[in-house]
Asker: 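I have a structure here, written as structure tokens, and I will follow up with some questions on it.
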Protein chains: 2
Amino acid sequence: MVSNSDNSNEQEDFPQEINGLRMTRQRREVYRSLMAKRVHPTAQDVFLDVKDKLPQISLATVYNCLEALTQHGIIRQVHFDRESCRYCPNLHEHGHFHDQSTGKILDVAFKPGIRLEDFLDLPPGTTVSNIEFTLRGTIVTH
Amino acid sequence: MVSNSDNSNEQEDFPQEINGLRMTRQRREVYRSLMAKRVHPTAQDVFLDVKDKLPQISLATVYNCLEALTQHGIIRQVHFDRESCRYCPNLHEHGHFHDQSTGKILDVAFKPGIRLEDFLDLPPGTTVSNIEFTLRGTIVTH
DNA sequence: TCAGAAATCAAGAATGATTCTTATTTTTAT
DNA sequence: ATAAAAATAAGAATCATTCTTGATTTCTGA
């Protein structure tokens, strides 16, 4: 492995730790890539992007980093059917719209103040810990 | 292959065709299984269940049947993260709740008359062709 | 009714995203 | 500075799903 000894000191403008997760060189670049592009990339996409900065990084490490970031609540996974998992650094509760004409994936916010019970018939006693809301369609601009 | 010559006549109480899809012996049993149990089974689950009636059926055929039924709008796929795909014969617009204490998956109806724009900030010009709404959590019964 | 065409099926191989394993390197705590 | 713990790279393994192929069944039109 190439020397990583400057790992923790290189980036003075970046926290050493987020939500209790140590920001290693690899995790930092993976997170940076997600924040900079915001295109809901797959692990493969992130891998290719981060390679410019860290040419020796492996795909397995990208998966490890994405998993660690997800487990610590720093990013979220986004699933469309059983396609490759995508990642999103937007932590606000929101859904995702896949525009089938452009292929782009957009964040879709919930109306402010709305609660699940306002639009869903949930069984009584339900506690929801995780929500995934995905839409497909097209956008007509004129 | 075991003779299938009684294929189309065996079930007099079952339509020969649904939404333009010919109901073969295999498709009929797959669909029957989904309708009878309503537990959102995986392809593997359906395979094991249908084997009682059609011992010679293959997993690939179950996948083919589920795909054909899905393509003809007779059933729907249900996805939780990247777990095995599950299948649902309820065609009403609805979401799915995975109860993490029991492992059960429940259909969750939308409030009657509600529209997406009522609770979502969709970009103008959006046409939604497909919705997937999945929740995880627990239910407290007392 | 019968022959050829089209559709369906079974079985197993192939695919592809993700996870796992292991050896190495880096970081942390003493 | 050193031993223990954590993280990484590389490639093998896994597993749901799809694909391929040859056999079987169903359909269509003489």
Side-chain angles (χ1 to χ4, degrees), chain A residues 1-11 15-18 20-31 40-48 50-51 53-72 74 77-87, chain B residues 1-11 15-18 20-31 40-48 50-51 53-72 74 77-87:
Chain A
M1 192 189 295
V2 173
S3 169
N4 253 5
S5 55
D6 55 341
N7 197 347
S8 54
N9 299 327
E10 187 196 3
Q11 302 290 344
Q16 303 298 106
E17 192 171 296
I18 302 182
L21 181 68
R22 181 152 55 91
M23 281 295 109
T24 64
R25 200 186 232 267
Q26 289 83 349
R27 288 174 186 157
R28 181 156 48 231
E29 291 307 327
V30 164
Y31 185 51
H40 304 89
T42 64
Q44 189 66 231
D45 294 336
V46 174
F47 176 53
L48 293 177
V50 168
K51 255 188 164 171
K53 259 300 188 47
L54 303 176
Q56 81 290 6
I57 200 170
S58 75
L59 179 57
T61 295
V62 172
Y63 271 106
N64 285 343
C65 292
L66 291 168
E67 172 69 10
L69 291 165
T70 302
Q71 287 310 312
H72 285 75
I74 302 167
Q77 295 188 330
V78 177
H79 301 93
F80 278 92
D81 301 348
R82 273 186 54 93
E83 292 176 5
S84 296
C85 183
R86 295 172 177 278
Y87 298 87
Chain B
M1 191 189 297
V2 173
S3 170
N4 253 5
S5 54
D6 57 341
N7 197 348
S8 52
N9 298 329
E10 187 195 5
Q11 302 291 344
Q16 304 296 105
E17 191 172 296
I18 302 182
L21 181 68
R22 181 152 55 92
M23 281 294 109
T24 64
R25 201 186 231 266
Q26 288 83 351
R27 288 175 187 156
R28 181 157 47 230
E29 290 307 326
V30 165
Y31 184 51
H40 304 90
T42 64
Q44 190 65 233
D45 295 335
V46 174
F47 177 52
L48 293 178
V50 167
K51 255 188 165 170
K53 259 297 190 49
L54 304 176
Q56 80 290 8
I57 198 169
S58 75
L59 179 57
T61 295
V62 171
Y63 271 106
N64 285 343
C65 292
L66 291 168
E67 171 70 9
L69 291 165
T70 302
Q71 287 311 312
H72 285 75
I74 303 168
Q77 295 188 330
V78 178
H79 301 94
F80 277 92
D81 303 348
R82 271 186 57 90
E83 292 175 7
S84 297
C85 184
R86 294 172 178 279
Y87 297 87

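Sequence lines set the chain letters: A, B, ... in the order given, protein chains first and strands last, and positions in each chain run from 1.
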Asker: Bend angle of the helix from dT1(C)-dA30(D) to dT30(C)-dA1(D) from five-pair axes at both ends, rounded to 10°?
Answerer: 30°
Asker: Please report the distance, rounded to the nearest Å, between CE in M23(B) and C1' in dT8(C).
Answerer: 13 Å
Asker: Between dT24(C) atom P and Q56(A) atom CD, what is the distance in whole Å?
Answerer: 18 Å
Asker: Going by heavy atoms in the side chains, are Y87(A) and Q77(A) under 4.5 Å from each other?
Answerer: yes
Asker: Using a cut-off of strictly less than 4.0 Å, decide whether S58(A) has a side-chain nitrogen or oxygen near OP1 or OP2 of dG11(D).
Answerer: no
Asker: Looking only at side-chain N and O atoms, does T61(B) come under 4.0 Å of OP1 or OP2 in dA10(C)?
Answerer: yes
Asker: When the distance from CG of L48(B) to P of dA16(D) is rounded to whole Å, what number comes out?
Answerer: 12 Å
Asker: Which sits closer to the 5' end of DNA chain C, N64(A) or C65(B), going by the nucleotide each is nearest to?
Answerer: C65(B)
Asker: Is there a donor-acceptor contact under 3.5 Å linking the side chains of D45(A) and T42(A)?
Answerer: yes
Asker: Which residues pass the salt bridge (charged side-chain N to carboxylate O under 4.0 Å, His left out) test with E67(A), not counting sequence neighbours?
Answerer: none
Asker: Whole Å only: how far is the CG atom of L69(B) from the C1' atom of dT8(C)?
Answerer: 13 Å
Asker: Under the 3.5 angstrom rule, does the side chain of R27(B) hit a backbone N or O of R22(B) as a donor-acceptor pair?
Answerer: yes
Asker: Q26(A) side chain N/O closer than 4.0 Å to the phosphate oxygens (OP1, OP2) of dA9(D)?
Answerer: yes
Asker: Is the shortest heavy-atom distance from the side chain of Q26(A) to the side chain of L54(A) under 4.5 Å?
Answerer: yes
Asker: Take atom CG of L66(B) and atom P of dT8(C), then tell me their distance rounded to the nearest Å.
Answerer: 15 Å
Asker: Work out which heavy atom in C85(B) is nearest to a heavy atom in H79(B); give both atom names and the distance.
Answerer: SG-NE2, 3.7 Å
Asker: State, with a plain yes or no, whether a side-chain heavy atom of M23(B) is found less than 4.5 Å away from one of L69(B).
Answerer: yes
Asker: Please state how far atom CZ in R28(B) lies from atom C1' in dC9(C), giving the value in whole angstrom units.
Answerer: 15 Å
Asker: Could you check how far CD of Q71(B) sits from C1' of dT18(D), rounded to whole Å?
Answerer: 14 Å
Asker: Using a cut-off of 4.0 Å between protein heavy atoms and nucleotide atoms, how would you tag nucleotides 12-19 of chain C 5' to 3' with B, S and -?
Answerer: B----SBB
Asker: Tell me: CG of L54(B) to P of dT24(D), nearest whole Å?
Answerer: 17 Å
Asker: In Å and rounded to the nearest 0.5 Å, what is the OG1 to CD distance from T61(A) to Q56(A)?
Answerer: 9.0 Å
Asker: Is there a side-chain contact between R86(B) and V46(B), using heavy atoms and a 4.5 Å cut-off?
Answerer: no
